[in-house]
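The chain is numbered in sequence order, starting from 1.
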Amino acid sequence: MLTGLNIAVIGGDARQLEVIRKLTELDAKLSLVGFDQLDHGFTGATKVNIDEVQFEEVDSIILPIPGTDQEGTVDTVFSNIEVKLTEDLLMRTPDHCVIFSGITNDYLNNLVQNTNRKLIQLFNRDDVAIYNSIPTVEGTIMMVIQHTDITIHGSNVAVLGLGRVGMSVARTFASLGAKVKVGARDSAHLARITEMGLTPFHLSELEQESKDVDVCINTIPHLIVTSKVISNMPAHTLIVDLASKPGGTDFRYAEKRGIKALLAPGLPGIVAPKTAGQIVANVLTQLLEEVKNEGKGLSS
Ligand code: NAP
């Protein structure tokens, strides 16, 4: 139970509603900022403006998955009122106040550094990233079905990167009957790809390996699908780039060559906001128990 914890939930989309639901069930006291247009109410949660939050009593601040923008503005889907997280506000919180965010940026990093507060990036955690890869894969399947006129079964799929997303993507497309090859640079990854019964190739071979690809799914957040790689692809190849913005594809060249290339960020929030919210809520609950019990010393 989270009885006695004061938490400010600042901004967010449908995923954050799952977080609010779970935390109120566990008896935390919530101040909700950026939810004034939400019809639904939650027992134990009060909708307030940011200037009404008693930051002096806040044990934890929960930001949405994207955190803030570079000016500190927090995305609020359920409000038209601009919400900004500033140094002045954070300075008012108790020393043990922990800030949770999906990802971070320079603004947020500077903010927590200048105020000496702890920031936990949830999407840095393996558990969150692996759970989150499940709706990501389902969204990828949806996109591939929507943008091709062939079945996944029997098609040549190249997955780039064998990280947390790449592994789930490769395994699932193989289960659907695709002929999957996976590009990686680490010899341990190449071994794992072989162990998974898939075809490995070193990323240095990507130009050659692109010649017979129907669908190329990139998970590497660096320019990897270069103009040279694209120029070797068949004209019908679909590129789905899952890597965080700006992706790892030369989109300008793909368009010039007439190859369909789609940057597909935020798939979990699009195809399964409820599950995506539950993933975050479950991990947050464990971490907030630590805030409650220890106040400090959280593992990130
Ligand atoms: P990850 O576990 O860190 O995996 C990244 C992979 O990229 C690793 O295999 C890594 O290989 C490889 N890589 C990184 N830099 C490279 C480089 N310069 N050259 C070659 N390979 C490189 O990350 P993840 O959790 O799988 O996430 C992958 C991307 O998907 C991230 O950008 C993440 O933000 C994004 N994402 C998108 C969605 C969506 O809805 N589109 C959902 C979840 C995540 P090494 O181990 O050899 O470095």
Side-chain angles (χ1 to χ4, degrees), residues 103 123-124 126 129-130 132-148 150 152 154-268:
I103 55 172
F123 278 40
N124 247 3
D126 275 342
I130 292 169
N132 207 43
S133 74
I134 301 167
T136 305
V137 171
E138 293 192 10
T140 310
I141 294 168
M142 176 189 79
M143 294 200 69
V144 172
I145 291 172
Q146 278 174 346
H147 293 280
T148 57
I150 55 172
I152 291 173
S155 62
N156 289 320
V157 175
V159 177
L160 308 182
L162 192 78
R164 296 157 303 187
V165 173
M167 187 178 287
S168 304
V169 169
R171 184 188 293 113
T172 311
F173 274 78
S175 320
L176 290 172
K179 288 173 239 156
V180 177
K181 59 182 167 187
V182 187
R185 61 179 176 180
D186 180 350
S187 62
H189 286 171
L190 297 172
R192 178 61 67 196
I193 295 159
T194 309
E195 179 277 326
M196 289 167 74
L198 309 176
T199 308
F201 67 92
H202 195 278
L203 282 168
S204 58
E205 312 279 298
L206 181 55
E207 281 174 35
Q208 275 298 111
E209 294 290 342
S210 301
K211 287 188 172 146
D212 62 349
V213 167
D214 298 312
V215 180
C216 174
I217 301 168
N218 177 49
T219 73
I220 298 174
H222 287 277
L223 182 59
I224 193 98
V225 188
T226 58
S227 53
K228 273 193 168 174
V229 172
I230 295 170
S231 66
N232 276 345
M233 288 174 171
H236 71 268
T237 303
L238 169 70
I239 302 168
V240 180
D241 199 332
L242 300 178
S244 49
K245 282 180 192 166
T249 303
D250 186 338
F251 288 98
R252 186 202 61 80
Y253 183 75
E255 189 177 356
K256 189 172 167 200
R257 238 217 93 191
I259 292 219
K260 201 185 273 184
L262 309 166
L263 185 63
L267 288 174

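Summarising the geometry, atom OG1 belonging to Thr140 is positioned 4.0 Å from atom CG belonging to Leu242; distances are rounded to the nearest 0.5 Å. We find the CZ-CG distance between Phe123 and Asn132 to be 4.0 Å, quoted to the nearest 0.5 Å. Once rounded to the nearest 0.5 Å, the distance linking NE2 of His202 with CG of Asp186 reads 8.5 Å. Annotation: the span from His189 atom NE2 to Glu195 atom CD amounts to 12.5 Å, rounded to 0.5 Å. Rounding to the nearest 0.5 Å gives a distance of 9.0 Å between NZ of Lys256 and OG of Ser227. The CE atom of Met167 sits 8.5 Å away from the CD1 atom of Ile193 when rounded to the nearest 0.5 Å.
For Ile152 against Ile145, the heavy-atom pair with the smallest separation is CD1-CG1, 4.0 Å. Closest non-hydrogen pair, Cys216 versus Val213, comes out as N-CG1, 3.8 Å. Across every non-hydrogen atom of Ala184 and Leu190, the tightest pair is O-CD2, 3.9 Å.
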Pair Thr199-Val180, side chain to side chain contact (heavy atoms under 4.5 Å, CB included): steps then yes or no: CA-CA 6 Å; Thr199 308; Val180 177; over 6 Å; no
Verdict with supporting geometry, Arg164 and Asp126, side chain to side chain contact (heavy atoms under 4.5 Å, CB included): CA-CA 8 Å; Arg164 296 157 303 187; Asp126 275 342; 3.0 Å; yes
Thr237 and Val215: CA distance, side-chain angles, deciding distance, side chain to side chain contact (heavy atoms under 4.5 Å, CB included) verdict: CA-CA 5 Å; Thr237 303; Val215 180; over 6 Å; no
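The local environment of CZ in Arg192 is sparse, with at most 12 non-hydrogen atoms from other residues, nucleotides or ligands closer than 6.0 Å.
In this structure Asp212 satisfies the side chain to side chain donor-acceptor pair (under 3.5 Å) test together with Lys181, sequence neighbours excluded.
The backbone N or O of Ile230 sits less than 3.5 Å from a side-chain atom of Arg257, completing a donor-acceptor pair. Looking at Asp214, its side chain never comes within 3.5 Å of a backbone N or O of Val157 through a donor-acceptor pair. For the pair Ser210 (side chain) and Met233 (backbone), a donor-acceptor distance under 3.5 Å is absent.
Each of Leu160, Val159, Leu162 was evaluated against Ile220; a single residue qualifies, Leu160, per the side chain to side chain contact (heavy atoms under 4.5 Å, CB included) test.
Using a 4.5 Å cut-off on side-chain heavy atoms (C-beta onward), Asn218 and Val240 make no contact.
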Table please: side-chain donor-acceptor pairs of residues 244-252 below 3.5 Å, with sequence neighbours left out.
unit_1	atom_1	unit_2	atom_2	d
Thr249	OG1	Asp241	OD2	2.6
Asp250	OD1	Arg252	N	3.4
Asp250	OD1	Tyr253	N	3.0

Donor-acceptor pairs are to be reported for all side-chain atoms of residues 171-178 against protein atoms at under 3.5 Å, with residues two or more places apart or in another chain.
unit_1	atom_1	unit_2	atom_2	d
Thr172	OG1	Ser168	O	2.7
Ser175	OG	Arg171	O	2.7

